[in-house]
Amino acid sequence: MTHPLVPQIIDLATPLAAELGLEVVGMVFHTNQRPPILRVDIRNPQQDTSLNDCEKMSRALETSLDAAEIILDTYVLEVSSPGISRELATDREFISFKGFPVVVSTCDPDDGEKEWKGQLIRRDETKIYLNQKGRVVGILRSLVTKVQLDDHP
């Protein structure tokens, strides 16, 4: 069942996307998460959707949602595209997807774990940092084999 705010958010997001040369192709508001997650899927009809497209849409939509006061409580906004690779590799991707749910896989156990889930905080020269329900976890980069966006947070 669609969340009752989704049609109102689509009405706000659709013209914003059009101004950026994009289209809104899907939206889900996961209110069972803490904080709730508003996921907006976009596409660029002229070319492959880029991380830059997602970043521009995220900034524009965040500003408009705040001004319209449609969502009154804290929430996480995720803007993505079905065509974007779910794996993060570059510094820019790690910056763009800060706050997004990710899965970090390691070749050897780090603190007894080979797979870590949480919200991406950042990465530095030695570690990748995640927020796991309010607790910050640092995973050694030398052990990391893959970091990808989590489709099922």
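Residue numbers start at 1 and run along the sequence shown. Because only heavy atoms are used, hydrogens play no part in the values below, and waters and symmetry mates are left out as well, while side chains stay in. No experiment lies behind these values; they were computed from the predicted model shown.
- Here the closest non-hydrogen pair linking Q33 and I37 is CG-CD1, 4.0 Å.
- When all heavy atoms of L130 and G118 are compared, the closest pair comes out as CD1-N, 4.0 Å.
- Between L38 and L65 the shortest side-chain heavy-atom distance falls below 4.5 Å.
- Using a 4.5 Å heavy-atom threshold, the side chains of F97 and V102 count as separate.
- Hydrophobic clustering of Ile, Leu, Val, Met, Phe, Trp and Tyr side chains at less than 4.5 Å, counting indirect connections, unites L88 with F100.
- Other residues, nucleotides and ligands contribute at most 12 non-hydrogen atoms within 6.0 Å of the CG atom of D73.
- Side-chain contact between T126 and R141 is absent, with no heavy atoms from C-beta onward closer than 4.5 Å.
- A distance of 9.5 Å separates CG in L51 from OG in S81, rounded to the nearest 0.5 Å.
- Side-chain atoms of E115 never come within 3.5 Å of backbone atoms of S105 as a donor-acceptor pair (strictly under, hydrogens ignored).
- Atom CG of D150 and atom CG of L120 lie 12.0 Å apart (nearest 0.5 Å).
- Taking CG of L77 as the reference point, atom CD1 of I71 lies at 8.0 Å (rounded to 0.5 Å).
- For D41 and S80, the side-chain atoms include at least one donor-acceptor pair closer than 3.5 Å.
- Residues that satisfy the ring-ring contact (aromatic ring centres under 6.0 Å, His included) test with F94, not counting sequence neighbours, are absent from this structure.
- Contact annotation: the side chain of M57 approaches that of V24 to within less than 4.5 Å [non-hydrogen atoms, C-beta and beyond].
- Linking Ile, Leu, Val, Met, Phe, Trp and Tyr residues whenever their side-chain heavy atoms come within less than 4.5 Å places Y75 and I70 in a single cluster.
- The shortest distance between side-chain heavy atoms of K56 and L22 does not fall below 4.5 Å.
- Ion pairing of R123 with D91 is present here, as a side-chain N (NZ or NE/NH1/NH2) and a carboxylate O approach within less than 4.0 Å.
- Within a 6.0 Å radius of CG in D66, more than 12 heavy atoms belonging to other residues, nucleotides or ligands are found.
- Between the CG atom of L16 and the OG atom of S58 there is a distance of 11.5 Å, given to the nearest 0.5 Å.
- Note on M27 and F29: same hydrophobic cluster, where clusters join Ile, Leu, Val, Met, Phe, Trp and Tyr whose side-chain heavy atoms are under 4.5 Å apart, directly or indirectly.
- Atom CZ of R59 and atom CG of L61 lie 13.0 Å apart (nearest 0.5 Å).
- Grouping Ile, Leu, Val, Met, Phe, Trp and Tyr by side-chain contacts under 4.5 Å, direct or through others, puts I121 with Y129, V136.
- In plain terms, the two heavy atoms of G99 and V76 that are nearest each other are O-CG1, 4.1 Å.
- A heavy-atom distance below 4.5 Å is not found between the side chains of P101 and K117.
- Each of T145, I139, I128, L140 was scored for a side-chain contact (heavy atoms from CB on, under 4.5 Å) with T106, with one residue passing: I139.
- Within the 3.5 Å criterion, the main-chain N or O of S50 finds a donor-acceptor partner in the side chain of D53.
- Note that OG1 of T14 is 12.0 Å distant from CD1 of I42, once rounded to the nearest 0.5 Å.
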